[in-house]
Number of protein chains: 2
Amino acid sequence: MSQTVDRALSILPLLAEGPADLGQVADRLGVHKSTALRLLRTLHEHGLVYRQSDQRYRLGARLFALAQEAMENLDVREIAHAHLVRLNERCGHTVHLAVYEENEVLYIDKVESRYPVRMYSRIGKPVAITVAAVAKLLLADLPEPERRALAEKLDYPMYTPRSTPHAAAFLQELAKVREQGWATDLGGHEESINCVAAPIRGADGRVVAAMSVSAPNVVVTADELLTLLPLVRRTADAISGEYSGRTPAEPT
Amino acid sequence: MSQTVDRALSILPLLAEGPADLGQVADRLGVHKSTALRLLRTLHEHGLVYRQSDQRYRLGARLFALAQEAMENLDVREIAHAHLVRLNERCGHTVHLAVYEENEVLYIDKVESRYPVRMYSRIGKPVAITVAAVAKLLLADLPEPERRALAEKLDYPMYTPRSTPHAAAFLQELAKVREQGWATDLGGHEESINCVAAPIRGADGRVVAAMSVSAPNVVVTADELLTLLPLVRRTADAISGEYSGRTPAEPT
DNA sequence: AATGAGTGTTGCAGTAAGTGCAACGCTGCT
DNA sequence: AGCAGCGTTGCACTTACTGCAACACTCATT
């Protein structure tokens, strides 16, 4: 791999922690100030870092634009969006769409709840992978060795008493999810929030994305939320059909 | 600047247009395939590009995470958020927060309208700089020479008949905005959408961000929207006060 | 005011690191 | 089977990146 590029890219996560000046960047990279300067300049030219008024460096605006464009190029997202909106119109709750990539699960689309109490989440934010319903579906579909390797490698933070406690429990849960073809998260991430999720599959049957409906206890109980399962699954299947080309275009 | 890094970073916007294979990347960079391969591998290791199942490269997930973190580090955003939510609760319309950086204006926060008809926009997306009310405020505060230089350099797309047509008109509008301390966009970007915006200033009086309230004609007329101006300005001033440290902490 | 410490910046010589080449391996097509 | 197209690897070359040391600048301090 390329050393120079490697060093330059290492600056990005470093700046993601917060602004830093030249000296700090050089130190943390373990290179001379002049070297760090040149790397930062190159990053700057491409708009990936920004120099604020106090001379310190921050991540730059181009980063947002790139992330944005990347997102809009995901074809699942494009196909799914209309379905997600329609689902939101019918049930009123927050609807999420998520994909798996390189050991992370992240939301790529979201339709906000129409109830005043909303859950916090943001497109692009990595999901709590050990507890989220969508994460369970996406990981459950990985080939066995990869799934096991990943499960062993993960941390299992106890967000609530109902969070998945360790790899063994997680693998067991994944097996169950794989079997039943849908997943839930009942207060495993935040005490009062429940989710039901269903998988979106490509033409080859592999899970390419997962969608979920989430709502806080104060709006609907877990049992009530579960009654939405058939609707969620139908929506996911409709997206699957369209994505894999079986349903070329759907009437609006 | 560093040639290697420069080349590597040039790959990102290229991939933002859509997935590409090794040969295409090499061609567009004007380098040998093997060189492109090494660059892509380095980008891949850092999670900035992802190799999809058909071997082609796409932008990767880390990019979203980085953009996310960068955004959460912006202190204006953090301070402003609660105020924006409160404003949204009072008026119900879409509220935006935007900053200027390197010739671009971009949204860094948004509270969705509570009306069913919503305008399209997305955090991180560059704003239509020649027409948006927030852009006018941010650019109006630039030093004269920079403002003029930027105005000359911009394109003036006619989104609607009321879009700003050329640099001269834009500079005149900026002068007016600078004078009055607030801005509007009445159907300049999308025929049926109006916005009112106010500036957020740091301790030195410079504009550090701008916020706006937007609503489509079908919900409220432009005149009705304008009655919200005092409220918008008060909110912006409250954020300014807190940001510049004059109002240490506000009661919730 | 003048001095000094702490930064960011520049030109330069050495060489480490990146480049292109050419040959190889693989996959899918005819 | 044979071929075409693509991704991958090892290697010799030399380009272009590195660290150094000196310089420029701002901001406290005496």
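Just so it is clear: chains get the letters A, B, ... in the order the sequence lines come, proteins before strands, and each one is counted from 1.
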Peer 1: Where do N or O atoms of nucleotides 21-25 of chain C meet protein N or O atoms at under 3.5 Å, pair by pair?
Peer 2:
| residue | atom | partner | partner atom | Å |
| --- | --- | --- | --- | --- |
| C/dC21 | OP2 | B/H32 | ND1 | 3.4 |
| C/dC21 | N4 | B/S34 | OG | 3.3 |

Peer 1: For the residue pair A/P199 and A/S240, what are the closest heavy atoms and their distance?
Peer 2: O-OG, 4.0 Å
Peer 1: Rounded to the nearest angstrom, tell me the gap between atom CG in A/L37 and atom P in D/dC20.
Peer 2: 16 Å
Peer 1: Calculate the interatomic distance between B/D6 atom CG and D/dA16 atom C1'; express it in whole Å.
Peer 2: 13 Å
Peer 1: What I want to find out is whether A/R147 reaches A/E152 closely enough, with some N-O distance under 4.0 Å, to be called a salt bridge.
Peer 2: no
Peer 1: Can you check whether A/T4 has a side-chain N or O nearer than 4.0 Å to OP1 or OP2 of C/dG18?
Peer 2: yes
Peer 1: Do the charged groups of B/E45 and B/R41 touch, with an N to O distance under 4.0 Å?
Peer 2: no
Peer 1: Hey, is B/E144 close enough to B/R178 for a salt bridge, meaning N to O under 4.0 Å?
Peer 2: no
Peer 1: What do you reckon, is CD of B/Q52 surrounded by more than 12 foreign heavy atoms closer than 6.0 Å?
Peer 2: yes
Peer 1: Taking salt bridge (charged side-chain N to carboxylate O under 4.0 Å, His left out) as the definition, give me every residue that meets it alongside B/D54, ordered by chain and number, with sequence neighbours left out.
Peer 2: B/R56
Peer 1: Considering only heavy atoms, which members of residues 13-31 of chain A lie under 4.0 Å from some atom of DNA chain D?
Peer 2: A/V31
Peer 1: Taking only residues two or more places apart in sequence, or in another chain, which ones meet B/E101 in a salt bridge (charged side-chain N to carboxylate O under 4.0 Å, His left out)?
Peer 2: A/R58
Peer 1: For DNA chain C, find the residues of residues 39-49 of chain B with a heavy-atom distance under 4.0 Å and give them by number; none if there aren't any.
Peer 2: none
Peer 1: Write down the atom of A/D185, the atom of A/K136, and the distance for their closest heavy-atom approach.
Peer 2: CA-NZ, 4.2 Å
Peer 1: Below the 4.0 Å mark, does D/dA16 have OP1 or OP2 next to a side-chain nitrogen or oxygen of B/S2?
Peer 2: no
Peer 1: If I take atom CE in residue B/M1 and atom C1' in nucleotide D/dT18, what distance separates them, rounded to the nearest angstrom?
Peer 2: 16 Å
Peer 1: Do B/R62 and A/E104 meet the salt-bridge criterion of a basic N to acidic O distance under 4.0 Å?
Peer 2: yes
Peer 1: How many whole angstroms separate atom CD of A/Q3 from atom C1' of D/dT18?
Peer 2: 9 Å
Peer 1: Let me know, please, whether A/R51 or B/R7 comes out on the 5' side of the other along DNA chain C by nearest nucleotide.
Peer 2: A/R51
Peer 1: Under 6.0 Å between ring centres, would you say that holds for B/Y156 and B/H166?
Peer 2: no
Peer 1: List the residues meeting salt bridge (charged side-chain N to carboxylate O under 4.0 Å, His left out) with A/R51, not counting sequence neighbours, and say none if there are none.
Peer 2: none
